[in-house]
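Working notes for the structure below.
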Amino acid sequence: MTSLNDARYRLKLAQGFLAEARQDLELKRWRSAVDNAQLSVENSAKAVLVLAGFTGKTHNTGDLLREALDREEFTEEIRRKMELLAQYTDELGFEVHVRTDYGDETEGKTPWELFDEDDAREAVEIAERSSQIAEAILKCFIPDALISLECSGYP
């Protein structure tokens, strides 16, 4: 898979998980909404990371986004978007992934006891923003992509 195709694929994954997270909200499946939102954010970040030359499997995408930013290969507009995406991956990162799947073993709480409606709504909102950021960045690199947002800030 080429990097552009991989980026498109990751964005499609992000959008698919976001769609499921929205469905989970409607069905009042709070844990599942948070889980799908987390996967959406992670794949939004991975779509951008592919374009920055990073590949591989990881759940800690925020650190990799910051590494990519350290190389200073991006315009200021893209850098701001990547920094915000890195913040979102920190908010819905690996720890959330573990908690949505395994709960809190030290407290003896299952995943369904850990997440409520407010958590789910906040997670879906973060996933929506992350997907929009990834779309905007990808649009800069893949002008013919089926992406709704316009590019700004790429030379």
Quiz item: Where is the tightest heavy-atom contact between Ala37 and Ala21, given as atom of each residue plus distance?
Solution: N-CB, 3.8 Å
Self-check item: Check against salt bridge (Lys or Arg N to Asp or Glu O under 4.0 Å), Glu77 and Lys81
Solution: CA-CA 6 Å; Glu77 179 68 22; Lys81 290 175 181 171; 3.6 Å; yes
Quiz item: How would you list, by chain and number, every residue that makes a side chain to side chain contact (heavy atoms under 4.5 Å, CB included) with Ala120, sequence neighbours excluded?
Solution: Leu25, Trp30, Ala33, Val34
Exercise. Mind jotting down which residue pairs meet the salt bridge (Lys or Arg N to Asp or Glu O under 4.0 Å) criterion with at least one end in residues 125-134? Sequence neighbours excluded, please.
Key: Arg22-Glu128, Glu125-Arg129
Quiz item: CZ/Arg79 to CD1/Ile137 distance, rounded to the nearest 0.5 angstrom?
Solution: 11.5 Å
Quiz item: Any side-chain heavy atom of Arg8 within less than 4.5 Å of one from Lys12?
Solution: no
Quiz item: Is there a side chain to side chain contact (heavy atoms under 4.5 Å, CB included) between Asn43 and Leu11 once you walk through the steps?
Solution: CA-CA 6 Å; Asn43 279 286; Leu11 185 59; over 6 Å; no
Exercise. Just do the side chain to side chain contact (heavy atoms under 4.5 Å, CB included) check on Phe94 and Glu42 with the steps written out, would you?
Key: CA-CA 9 Å; Phe94 183 67; Glu42 183 177 308; over 6 Å; no
Quiz item: Say you draw a straight line from CG of Leu84 to OG1 of Thr89; how long is it, rounded to the nearest 0.5 Å?
Solution: 10.0 Å
Quiz item: Taking side chain as C-beta onward, heavy atoms only, is Glu135 less than 4.5 Å from Gln15?
Solution: yes
Exercise. For the pair Arg66 and Asp90, evaluate salt bridge (Lys or Arg N to Asp or Glu O under 4.0 Å) and give the outcome as yes or no after the intermediate values.
Key: CA-CA 11 Å; Arg66 287 181 186 88; Asp90 291 343; 2.5 Å; yes
Practice problem: Could you tell me which non-hydrogen atom of Ala68 sits nearest to which non-hydrogen atom of Met82, and how far apart they are? | Solution: CB-CE, 3.9 Å
Quiz item: Could you go step by step and tell me if Leu4 and Leu51 meet the side chain to side chain contact (heavy atoms under 4.5 Å, CB included) rule?
Solution: CA-CA 7 Å; Leu4 294 180; Leu51 296 175; 3.7 Å; yes
Quiz item: Do you know which two heavy atoms are closest between Thr100 and Pro111, and how far apart they sit?
Solution: O-CB, 3.3 Å
Exercise. Test salt bridge (Lys or Arg N to Asp or Glu O under 4.0 Å) on Asp35 and Arg31 and set out the steps.
Key: CA-CA 6 Å; Asp35 187 42; Arg31 183 219 61 88; 3.8 Å; yes
Quiz prompt | Residues which pass side-chain hydrogen bond (donor to acceptor under 3.5 Å, both in side chains) with Glu83, listed by chain and number, not counting sequence neighbours | solution = none
Quiz item: Taking all atoms of both residues into account, what is the closest heavy-atom pair of Ser44 and Leu85, and its distance?
Solution: O-CD2, 4.0 Å
Exercise. Could you tell me which non-hydrogen atom of Thr61 sits nearest to which non-hydrogen atom of Ala45, and how far apart they are?
Key: OG1-CB, 3.5 Å
Self-check item: Donor-acceptor contact present, side-chain Ser40 to main-chain Asn36, <3.5 Å
Solution: no
Quiz item: Under the salt bridge (Lys or Arg N to Asp or Glu O under 4.0 Å) test, which residues partner Asp119, sequence neighbours left out?
Solution: none
Practice problem: Is it possible for you to say whether Trp112 and Val124 belong to one hydrophobic cluster, with membership spreading through side-chain heavy-atom contacts below 4.5 Å? | Solution: no
Quiz item: At what distance, to the nearest 0.5 angstrom, does NE2 of His97 lie from CG of Leu39?
Solution: 6.5 Å
Quiz item: Is a side-chain N or O of Ser130 found less than 3.5 angstrom from the main chain of Val41, in a donor-acceptor match?
Solution: no
Quiz prompt | Spacing of Asp6 atom CG and Leu13 atom CG [to the nearest 0.5 Å] | solution = 9.0 Å
Quiz item: Roughly how far, to the nearest 0.5 Å, is the CG atom of Leu138 from the CD1 atom of Ile133?
Solution: 12.5 Å
Quiz item: So how far is it from Arg121 CZ to Asp118 CG, rounded to the nearest 0.5 Å?
Solution: 8.5 Å
Quiz item: Residues in salt bridge (Lys or Arg N to Asp or Glu O under 4.0 Å) with Glu95, at least two apart?
Solution: none
Quiz item: Under the side chain to side chain contact (heavy atoms under 4.5 Å, CB included) test, which residues partner Glu91, sequence neighbours left out?
Solution: Tyr88, Glu122, Ile126
